[in-house]
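The residues of the chain are indexed from 1 along the displayed sequence. What's counted below: heavy atoms across the whole structure, side chains too, no hydrogens, waters or symmetry copies.
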Amino acid sequence: MKTNPKQTPYWVRWVYLALAVFQLFMIWVDVREYQQYQFCVESGIFSPAGLQDAFSGHAYRWVMGGLLCILFLFAFAVMKYDLRQAKWSAILGGLLTVMLLAWACLPLFLPLPTANGFYFLMLFAFAGVTIYTWYKYCKTQKRMEDNSI
């Protein structure tokens, strides 16, 4: 069976699903580690401030893992559809818009680590990809309207 060179191989979908499951596993491992260290606070080995310093970036890592999991699951779900269609571009644009807004509001709810350059890099990347997706949607929509006339 010969595939189109622009078409993604079928097995790539399953790699995305495996990556999503792996991200969920990593979040679970981090949460279990955090719960185990709660025992150290209760027994007096760590002070609550010491535990907070030791795990200051855990919540941020959980959010990043969850974000990657959502992206991988979405990629798995839509991989068998043609993303050049306006319907799928609109769905992808909507998902990216929601994720961009959630990422932009993240510092309001969660303290960022001191080195937050990665946060701004991801914010600009989300903004760029979201704008590009909506641009492609408008272009596809216009092309469909022109073809229907």
>> To check you understand the geometry: which heavy-atom pair defines the closest contact between Gly65 and Gln23, and what is its length?
In response: CA-OE1, 3.3 Å
> Which distance, rounded to the nearest 0.5 Å, do you find between the CG of Leu24 and the CG of Leu19?
Replying inline: 11.5 Å
> Only one of Val29, Ile27, Val21 clears side chain to side chain contact (heavy atoms under 4.5 Å, CB included) with Phe25; which?
Replying inline: Val29
>> For Ala20 versus Cys69, what's the shortest heavy-atom pair and its separation?
In response: O-SG, 3.6 Å
>> Same cluster or not: Ile131 versus Val129, using hydrophobic residues (I, L, V, M, F, W, Y) connected whenever any side-chain heavy atoms lie under 4.5 Å apart?
In response: no
> Atom CH2 in Trp62, atom CH2 in Trp28: separation rounded to 0.5 Å?
Replying inline: 14.0 Å
> With hydrophobic residues grouped by side-chain heavy-atom distances under 4.5 Å, do Val98 and Leu96 end up in a single group?
Replying inline: no
>> Assess the residue pair Phe74 and Ile91 against the criterion (side chain to side chain contact (heavy atoms under 4.5 Å, CB included)); give the C-alpha distance rounded to whole Å, side-chain angles, the decisive distance to 0.1 Å, and a yes or no.
In response: CA-CA 10 Å; Phe74 183 77; Ile91 292 170; 3.9 Å; yes
> What's the spacing between Trp103 CH2 and Phe124 CZ if we round to 0.5 Å?
Replying inline: 13.0 Å
>> So, applying side chain to side chain contact (heavy atoms under 4.5 Å, CB included) with Phe126, which one of Leu100, Thr97, Leu101 is it?
In response: Leu100
>> To the closest 0.5 Å, what do you measure between OG1 (Thr140) and OH (Tyr135)?
In response: 9.5 Å
>> So, taking the atom named CG in Leu71 and the one named CE in Met99, what distance separates them when rounded to the nearest 0.5 Å?
In response: 3.5 Å
>> By the definition ring pair (Phe, Tyr, Trp, His ring centres under 6.0 Å), identify the one residue from Trp11, Tyr16, Trp14 that meets it with Phe76.
In response: Trp14
>> Would Thr133 and Tyr137 count as a side chain to side chain contact (heavy atoms under 4.5 Å, CB included) here? Give the steps.
In response: CA-CA 6 Å; Thr133 302; Tyr137 168 73; 5.7 Å; no
> Do Leu73 and Phe22 share a hydrophobic cluster, counting only Ile, Leu, Val, Met, Phe, Trp and Tyr and linking them when any side-chain heavy atoms are less than 4.5 Å apart?
Replying inline: no
>> side chain to side chain contact (heavy atoms under 4.5 Å, CB included), that's the test. Do Tyr132 and Lys136 meet it? Break it down for me.
In response: CA-CA 6 Å; Tyr132 178 74; Lys136 292 296 276 187; 3.6 Å; yes
> Between CE of Met26 and CG of Leu68, what distance do you get to the nearest 0.5 Å?
Replying inline: 11.5 Å
